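Here's the structure we're looking at; comments come further down.
Computed from a predicted model, the values in this text were never measured in an experiment. Chain letters run A, B, ... following the sequence lines, proteins first and then strands; every chain starts at 1. Every heavy atom of this structure was used, including side-chain atoms; hydrogens, water molecules and symmetry mates were not.
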Amino acid sequence: MEDNYLISGPISQKIISEIILRIGRHKDAGGNMLFLGQVRADENEGKRVKAIEYSAYTEMVNAEAEKIKRTIFSEFDDVKSVEIIHSTGVVSTGEISLLVLVCSGHRQQAMQACSKTVELIKATLPVWKKEIYEDDSHTWS
Amino acid sequence: MEDNYLISGPISQKIISEIILRIGRHKDAGGNMLFLGQVRADENEGKRVKAIEYSAYTEMVNAEAEKIKRTIFSEFDDVKSVEIIHSTGVVSTGEISLLVLVCSGHRQQAMQACSKTVELIKATLPVWKKEIYEDDSHTWS
Amino acid sequence: MEVKVLFFGVLAEVSGTSIKHYENVRSLADLKLKIQDDFPEMFHYNFRFSVNNTITDDEHVLKAGDEIALLPPFAGG
Amino acid sequence: MEVKVLFFGVLAEVSGTSIKHYENVRSLADLKLKIQDDFPEMFHYNFRFSVNNTITDDEHVLKAGDEIALLPPFAGG
């Protein structure tokens, strides 16, 4: 495990920019897909979400994220790199909590692989969220 | 036509950052998909591409890009915004020449709509490319 | 009556021209013949016509001030 | 023999605990009974077990030093 996939707090513009710069490392990556998951100001039984507090099982997240990357590389031979970053702790509405970047030779595999990576993250990363409402009450989801 | 969809030269990190900041305007946009098309160092009959020179029919690009946005909004009711930027002029290998950002409530439509936008761009935007090789010869494609 | 004709991509290169005005052309078919006289080499390439930003066919009747473009296959992205 | 048990998400909240050590547990089934004694309210929630980062079932035989986690449904993204 070379990477750490978790970051404390929202994924800032600065981090996003740093990640995007990595596209240029792959001179053969014509198609690059970036997914940014933002905390939505959802309403739940008349109460509006103001933030989500994420918690995670760090070791297992790292192991599962490595597994996701291996799956993607084995299924998509045109993919050059996969980056995954997930927030822990409090992320307010309008802030980014999940980043996935797939660099690929051509666009088709970039799109399919990015989409599959996000689905695998939702299904297999041990991350939990506590939705915090404007009145400071919360629910787990 | 409110927007200009063409930009002279590569799409810089600064422009990408400015576009990404627009995600935060949509507090209900949970799923956001950014496609970045990069000029690849392809090899063609033993010669390596060093840059692409794009030319475009500006008025028609703007009209067709507006049409693409209308198509996406009519097919994907969860989509909040669609941004399209294409380079004109010389873009070197490792630089970005196409940006598409789709902000959507949820990830599924963000992914489908982003993918469809890129396909429509390839099919309907009047843009041409001259591949320039390391020996300064070129071909049109 | 006069129309404006734009040449794009490889067609601008082979003709050495990006804009040219033509007179007395009633239809795209008429215009095509005149362009073929001026730039016969252009017709080795595959292209379509647009009139005022809309792709159209040979039967299209032209009017003064129309903007016609010769469009090689698109290659954006 | 001792194992380490981690509680996540809503389970950490309802138990007021995030780590607890248990002794003399031979299998996950054994451990489950002990946890149920300590935190009966936890069993109103849906969760799975992992042993050393791998999701597993009740039959799993435990060994000293194993790290067990109680995992509510994942909700990343």
- Message: As an exercise: rank Val100(B), Thr124(B), Val127(B) by heavy-atom pairs under 4.5 Å with chain C and give me the winner.
- Response: Val127(B)

- Note on the structure: chain B shares the most heavy-atom pairs under 4.5 Å, among Ala69(C), Gly76(C), Ala12(C), with Gly76(C)

- Task: Starting at CD of Glu13(C), measure out to NZ of Lys130(B) and round the result to the nearest 0.5 Å.
- Result: 5.5 Å

- Message: Applying side-chain contact (heavy atoms from CB on, under 4.5 Å) to Glu64(B) and Phe74(C), what does each step give before you reach the verdict?
- Response: CA-CA 12 Å; Glu64(B) 291 293 328; Phe74(C) 302 156; over 6 Å; no

- Side chain of Tyr54(B), backbone of Gly77(C): donor and acceptor closer than 3.5 Å? yes

- Item | Atom group of Leu6(C) that falls short of 4.5 Å from chain B, counting heavy atoms | side chain

- Task: Specify the closest pair of heavy atoms between Ser141(B) and Ala75(C), including all atoms of both residues, with the distance to one decimal.
- Result: O-CB, 3.1 Å

- Any side-chain heavy atom of Pro72(C) sitting closer than 4.5 Å to one from Trp140(B)? no

- Validation row: Met60(B), Ile55(C) side chains within 4.5 angstrom (heavy atoms): yes

- Query: Just wondering, more than 12 heavy atoms not from Glu59(C) lying within 6.0 Å of its CD?
  - Reply: no

